[in-house]
Amino acid sequence: MAGGKIKKEKPKPSRAPSNHYQGGISFHKSKGQHILKNPLLVDTIVQKSGIKSTDVILEIGPGTGNLTKKLLEVGKMVIAVEIDSRMVLELQRRFQGTPFSNRLKVIQGDVLKTDLPYFDICVANIPYQISSPLTFKLLNHQPSFRCAIIMFQREFAMRLVAQPGDTLYCRLSVNTQLYARVNHLLKVGKNNFRPPPKVDSSVVRIEPRKPLPKVNPKEWDGFIRICFIRKNKTLGAIFRMKNVLSMLEKNYKTLQAIQTSQNGSLEGTDAQMDISGLGDHKEDHSMDLDNGTDDEMEVEDGDTDVEVSEFKEKVLAVLKERNFYEKRSSKLTQEEFLYLLSRFNMAGIHFS
């Protein structure tokens with residue numbers, strides 16, 4: 001036998017987190033599972049949430065319960081919505097036999113497909129791929145809640161709070177701020193998570209406006225989508241595009257026909273309108289900031305139809321009020337968008 005030293009094998013580092021309640025559970029990045037591991041950060045989020053002892057708290061994506069525990073300590077009840085059955089079992093095990101067990105309700109399911117019960121405040125570290133649809137599902141929730149404190153991918157968060165003239169100001173900014181006051185609370189580095197995501201995060205406070213503005217959500221969405229086809233082009237250039245004019249004229253003729261059949265009246269409703277459709281998955285995956293390239297909708301280069309020409313003049317006449325023709329969506333305020341939409345509607349021009 002050779003007289004060399006026997007090489008001891010170094011023990012492989014355990015992949016399981018040191019926290020007992022996370023041991024043995026592997027996290028799926030595909031499901032957006034990034035668990036907050038920094039206890040100081042968890043404390044900060046809870047502190048900034050302004051939770052009252054009487055609050056029913058909705059938590060989305062509780063994972064193994066690090067944030068859940070802190071929420072149970074300060075609120076009246078926590079309703080946790082979790083899609084992963086392994087995490088649901090882990091949560092139930094963690095709080096079983098503790099004073100918190102009667103104040104925790106766990107709902108297993110996809111939060112986007114789940115009917116949410118009453119809650120006062122939402123605190124959530126969510127899968128980033130559902131950021132946009134979840135935001136508008138929450139804002140659509142009735143009865144309205146006090147506020148939501150949500151962890152988003154940093155760039156998405158910056159788009160939520162962007163103001164007119166900011167580089168990140170976009171359709172998402174305008175839509176969200178119509179229905180809520182949005183504030184950035186704190187930046188969160190990727191190393192605060194296990195496993196660490198590829199991007200930094202931010203915590204945002206979303207406070208629904210009360211009452212919600214009386215705007216038809218489909219009408220508003222159709223209008224804002226057109227305005228942000230190319231946000232740095234003038235509105236005059238955008239509304240002269242062939243496809244835009246063609247679509248608006250089609251709406252115009254359809255509504256005229258309806259009005260004629262109803263003896264000149266269009267019945268409205270004051271009922272709560274569904275705004276959850278404003279959430280767009282594309283906004284979660286694409287951070288396109290309008291590079292100024294030409295859209296597939298080309299600018300109209302001539303009129304062959306007298307009727308089209310008359311309709312075009314009708315559209316442009318609205319834009320020429322207050323010089324909207326020369327303005328750009330990237331610089332328009334919420335009030336200016338609302339005013340312009342109302343002027344279009346008064347001229348019989350609709351977007352849904």
Side-chain angles (χ1 to χ4, degrees), residues 132-133 135-136 139-140 159-160 162-165 168-180 182 209 212-256 258-259 266 268-270 272-280 282-283 288 290 295-300 308 311-352:
S132 180
T135 298
F136 288 98
L139 288 176
N140 193 58
R159 291 167 71 194
L160 283 181
Q163 296 299 305
L168 288 169
Y169 189 62
C170 61
R171 190 166 61 90
L172 176 67
S173 321
V174 175
N175 282 343
T176 309
Q177 291 170 35
L178 177 68
Y179 294 102
V182 192
R209 296 188 187 277
L212 290 175
K214 289 191 175 180
V215 180
N216 182 314
K218 289 184 179 178
E219 177 88 359
W220 172 263
D221 190 41
F223 170 62
I224 295 299
R225 280 180 187 273
I226 289 175
C227 290
F228 280 91
I229 285 172
R230 282 289 173 258
K231 69 178 185 180
N232 290 318
K233 276 188 176 182
T234 64
L235 290 172
I238 290 171
F239 279 87
R240 290 201 324 272
M241 290 178 175
K242 283 181 179 179
N243 289 17
V244 171
L245 283 170
S246 175
M247 184 205 56
L248 292 180
E249 191 192 17
K250 185 179 177 183
N251 287 352
Y252 181 73
K253 288 180 176 178
T254 302
L255 284 170
Q256 277 194 321
I258 292 171
Q259 283 181 302
L266 274 175
T269 177
D270 290 330
Q272 167 66 20
M273 293 188 183
D274 186 354
I275 66 169
S276 58
L278 294 179
D280 188 345
K282 292 177 184 176
E283 289 165 340
D288 179 20
D290 179 15
D295 195 83
E296 68 272 12
M297 295 200 217
E298 294 299 332
V299 174
E300 190 175 37
V308 170
F311 181 76
K312 176 183 172 183
E313 290 306 317
K314 191 179 186 71
V315 170
L316 299 186
V318 174
L319 288 172
K320 285 171 183 175
E321 288 182 40
R322 297 195 182 182
N323 201 31
F324 279 107
Y325 189 86
E326 297 297 333
K327 293 181 179 179
R328 290 166 170 77
S329 297
S330 58
K331 304 283 177 68
L332 288 189
T333 65
Q334 196 79 244
E335 292 73 22
E336 287 175 311
F337 280 121
L338 285 166
Y339 175 80
L340 183 55
L341 177 59
S342 72
R343 298 305 296 174
F344 272 124
N345 287 171
M346 286 174 71
I349 299 166
H350 290 267
F351 296 83
S352 66

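Glu326 meets the salt bridge (Lys or Arg N to Asp or Glu O under 4.0 Å) test with no other residue; sequence neighbours excluded. Partners of Gln334 by side chain to side chain donor-acceptor pair (under 3.5 Å), not counting sequence neighbours: none found. Remark: Asp221 pairs with Arg171, Arg225 by the side chain to side chain donor-acceptor pair (under 3.5 Å) rule, at least two apart or across chains. Considering only residues two or more places apart in sequence or on other chains, Arg343 meets the salt bridge (Lys or Arg N to Asp or Glu O under 4.0 Å) condition with Glu321. The side chain to side chain donor-acceptor pair (under 3.5 Å) search around Tyr179 returns none, not counting sequence neighbours. Residues passing the side chain to side chain donor-acceptor pair (under 3.5 Å) test with Asn251, sequence neighbours excluded: none.
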Exercise for review: Could you give me the CA-CA distance, side-chain angles and deciding distance for Leu248 and Phe344, then say whether side chain to side chain contact (heavy atoms under 4.5 Å, CB included) is met?
Suggested key: CA-CA 10 Å; Leu248 292 180; Phe344 272 124; 5.6 Å; no

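In summary, of the residues considered (Lys331, Arg328, Lys327), a salt bridge (charged side-chain N to carboxylate O under 4.0 Å, His left out) with Glu336 occurs for Lys327 alone.
Other residues, nucleotides and ligands place no more than 12 heavy atoms under 6.0 Å from the CZ atom of Arg322.
Phe311 and Leu245 make their closest contact through CE2-O, 3.7 Å (heavy atoms, listed as atom of the first residue, atom of the second, distance). Closest approach of Ile238 and Arg230 over heavy atoms only: CD1-O, 3.3 Å.
The line from CG of Leu235 to CG of Leu319 is 6.0 Å long, rounded to the nearest 0.5 Å. Atom-to-atom distance recorded for Leu278:CG and Asn140:CG is 8.5 Å, nearest 0.5 angstrom.
Using modelled atom types, one finds a donor on one side chain and an acceptor on the other under 3.5 Å when comparing Tyr252 with Gln256.
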